[in-house]
Every structure is written in structure tokens, then in C-alpha cells.
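Whatever order the structure lists ligands and atoms in, that order sets their numbers, starting from 1.
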Amino acid sequence: MQALRTPEQIRDVNTRYHDVAASGYDQKWGIDFGPTGRAQVLAKARRGLGPRIDAGFPRALEVGAGTGYFGLHLAQAGVITELTCTDISAGMLEALSTNARELGLEAVETVRTDAEALPFADQSFDLVFGHAILHHLPDLERAFAEFQRVLRPDGLILFAGEPSSVGDRLARVPKRAAQLAAPLWRRALGAAAAHPPHEDQGPEPSGHQLEGEVDIHTFEPGQLARLARGAGLVDVEVQGEELLANWFGWFNRGLESTAVSSDVPWCWRQYAFRGYLYLQRLDRAALEPHLPKALFYNLLLSGRRPADG
Ligand SMILES: C[S@@+](CC[C@H](N)C(=O)[O-])C[C@H]1O[C@@H](n2cnc3c(N)ncnc32)[C@H](O)[C@@H]1O
């Protein structure tokens, strides 16, 4: 496929890829709607929102909500009362609605829309947030102008899980190491090699084949801060998260992706999950307070619309 150049092509590829990915998305990324997943989301949200998380947010908007990992946890924890989840992919929003039903969450609305053209009135929300979404958006200035427009004065924004440029380059090492180690690892575990997902053989790549095309940005911390300030937000802060946990996670995910999923033993998955949580705690306690934020894989951006703005 030719390199993607126009914003329309990028949006179209994101829609098609995520529509196909939706049904297996939670399993692929180990999305957990139980207490462990909630603790993860709440820790990130508290880090970005500070003490205002305790008062809660009556109306919140999630952009690029996917299957609901971030927003449904916040709603379940009582941080959000009325949640509007938006996404460009109808498939993802269907999966989100199923998850919301299963969790017994009723005050969750879904709206299919591009994050850069939000169909909501000015000053409608107390919180605008997203997880792993900004790096998919072709026109970030336009998106931030929209986030600011729909925020109430004194409302907050929070964007977590955005890949940093340096962190992304460093993550190539464990990804490559996993490719090299995969045959030996599969033999040790007795796991069969996975076949690439079957696709209809049309002239245009579709579905899973588009995975490499949907991520269009990585960020320097200062670049995210400039985008938020440029839209008129204040109290803007960018923090870095996860270094060792991320390397460990990419290595294990790289191995697992080469095997038939049902052949990966439960004890391996436990080791990978618990190891990740342990290293995440180590990152938080020992590395994040001391190392430059640009080194970490995930960036977390927060800001506020001025009370008189
Ligand atoms: C990496 S997924 C993250 C989903 C979810 N926030 C999570 O953390 O699991 C990115 C999501 O952004 C959505 N997306 C991509 N481009 C978009 C756009 N232009 N406007 C709105 N959503 C978009 C995708 O459909 C997908 O659901």
C-alpha cells in the first residue's frame, strides 16, 4: 500500500482497521474490566486529574473510547456520572455498549464521530479525556480546539497512553528480541505458530493488514504541552509513565503474538501479567520521579480550561 498522505485516508484506515479489530480487541490487549484494570485506570486518572478526581465529574466526554477500557472504569468507580463515549469506529462502539451492559452501566451514551469534529454544543462537558487516541489523529490542532470548545470553563482534559518518540524507539529493542526468541519460546511451551489472519484477497488491504498504518504520531512531551496551550488550556502538565514494564510487556506480547492464542499456557499469562504489574510499581517508585519524562513509553497530558476562558 502507498504511504498514507491525506487526513481522509488516515481516518478511513482507522475506521476500517478498528471495525475489524473490535471483536478481538479486549483479548488481544488484555483489557480487564475487573478490579485490577480499574486500579490501573484510577491510578492514571488520579495522576493527571489530581485531587479534583475526588469531587467527580457530572458530565464527561471520551474521545476514541474504543471498547471502553478507560471511560467505563471511571464510570464504574463513580468518578463520572454521565458518560458520552465517542469513536470513529462503529465496531468499537458496539463492543463498548456490550461491555457497558455487562457491567450494568446505564448512563453511557455512544456517538460515532471523528474526534476533530465533535457534534456537541460549546461548554457541554466537565471532563474531556481519552486513552491511546491522540497518536491516531491527523489534525491535532483541530482536535484540541474541539476539546477546548466542548469543555466547560474550569473543566479538565486528560489524555493518557500516548507513545513518546524516544520511548517508541527504545521499545523496538524488546520487539525485535521477541521476534528472534519466538521460535525457541514456542518450542519450550509446546505452542503452535500462529498464521497471519485470513483476509479477503481484494486489491485494497483491509482489516488486520492495516495495523501498521493506523499509528501516525509519536510525541515529544513539549509538543503535547504546546498543543494544549495553543488551544487555550492552562495548568498544562505532561508526565512520563512506564519504562521497564513497557519493555517487559512488548517482549512478552511480541512472543505471544507469534503463537496460537489457545496454546499459550495460563501460567505464562500469569507470569507476564504479574511481572508487568511488578515492574510498573518499580517504574513508579524508582524511575519516574528521577528520569526525564521523554524516556518513558507513555505520556500523560492534563490541563484545564480557564474559569473565565
Ligand atoms: C488504540 S485504540 C484505543 C481505544 C481505547 N481508548 C483504549 O484505550 O482501549 C484507538 C481508538 O481511537 C479510535 N480512533 C481512531 N481515529 C479516530 C478519530 N479520528 N476520531 C475518533 N476516534 C478515532 C479508534 O477507532 C480506536 O477505537
Side-chain angles (χ1 to χ4, degrees), residues 4 6-33 37-38 40-45 48 60-76 80 83-100 103 108 110-120 127-147 150 157-163 168 206-208 210-219 241-242 249-250 253 297-301:
L4 295 169
T6 70
E8 288 69 30
Q9 283 173 309
I10 294 166
R11 290 185 198 106
D12 174 58
V13 159
N14 261 286
T15 308
R16 287 192 287 139
Y17 169 71
H18 287 102
D19 276 349
V20 172
S23 60
Y25 190 83
D26 289 349
Q27 199 201 358
K28 174 174 176 181
W29 294 103
I31 288 182
D32 166 33
F33 284 102
R38 194 162 327 134
Q40 290 275 314
V41 169
L42 284 173
K44 287 174 194 292
L61 173 72
E62 180 166 15
V63 292
T67 61
Y69 169 59
F70 221 75
L72 296 185
H73 273 307
L74 291 179
Q76 255 206 322
I80 292 168
L83 173 62
T84 301
C85 289
T86 64
D87 201 286
I88 204 165
S89 155
M92 291 298 245
L93 290 176
E94 265 170 47
L96 185 150
S97 297
T98 304
N99 286 336
L103 294 168
V108 178
T110 58
V111 178
R112 183 178 176 273
T113 180
D114 179 3
E116 295 170 20
L118 297 172
F120 306 107
L127 170 70
V128 174
F129 69 101
H131 180 257
I133 167 65
L134 299 178
H135 64 284
H136 295 300
L137 303 181
D139 189 338
L140 287 159
E141 278 84 8
R142 206 171 126 194
F144 272 84
E146 281 293 83
F147 305 156
V150 300
I157 63 152
L158 172 73
F159 287 92
E162 295 302 335
D168 188 59
S206 64
H208 292 285
L210 298 170
E211 181 164 10
E213 312 280 349
V214 296
D215 298 337
I216 58 165
H217 306 284
T218 57
F219 299 102
E241 293 189 303
E242 296 190 5
W250 277 122
R253 198 171 293 137
Y297 186 79
N298 285 318
L299 296 175
L300 186 148
L301 168 73

query: Rounded to the nearest 0.5 Å, what separation is found between the CG atom of L158 and the CZ atom of F129?
result: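 Result: 8.0 Å between the selected atoms.
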field: R11/D114 salt bridge by N-O under 4.0 Å criterion
entry: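 Yes, charged N to carboxylate O under 4.0 Å.
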query: Would you call E94 and R112 a salt bridge, taking side-chain N to carboxylate O under 4.0 Å as the test?
result: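 Salt bridge flag = no for R112 with E94.
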message: Counting the benzene-type ring for Trp, do Y69 and F33 have ring centres under 6.0 Å apart?
response: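 No; F33 has its ring centre 6.0 Å or more from that of Y69.
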- prompt: Hey, do the aromatic rings of H217 and H136 have their centres closer than 6.0 Å?
  reply: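 Ring centres of H136 and H217 not closer than 6.0 Å.
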Below 3.5 Å only, please: the N or O atoms of ligand 1 paired with protein N or O atoms, distance on each line.
residue  : atom   : partner : partner atom : Å
ligand 1 : 6 (N)  : G64     : O            : 2.8
ligand 1 : 6 (N)  : H131    : O            : 2.8
ligand 1 : 8 (O)  : H131    : O            : 3.3
ligand 1 : 8 (O)  : H131    : ND1          : 2.6
ligand 1 : 19 (N) : D114    : OD1          : 3.0
ligand 1 : 20 (N) : D114    : OD1          : 3.4
ligand 1 : 20 (N) : A115    : N            : 2.9
ligand 1 : 22 (N) : I88     : N            : 3.3
ligand 1 : 25 (O) : H18     : ND1          : 3.4
ligand 1 : 25 (O) : D87     : OD1          : 2.6
ligand 1 : 27 (O) : D87     : OD1          : 3.3
ligand 1 : 27 (O) : D87     : OD2          : 2.6

Parallel, tilted or perpendicular: rings of W29 and W250 (30°, 60°):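 Aromatic pair W250/W29 classed perpendicular.
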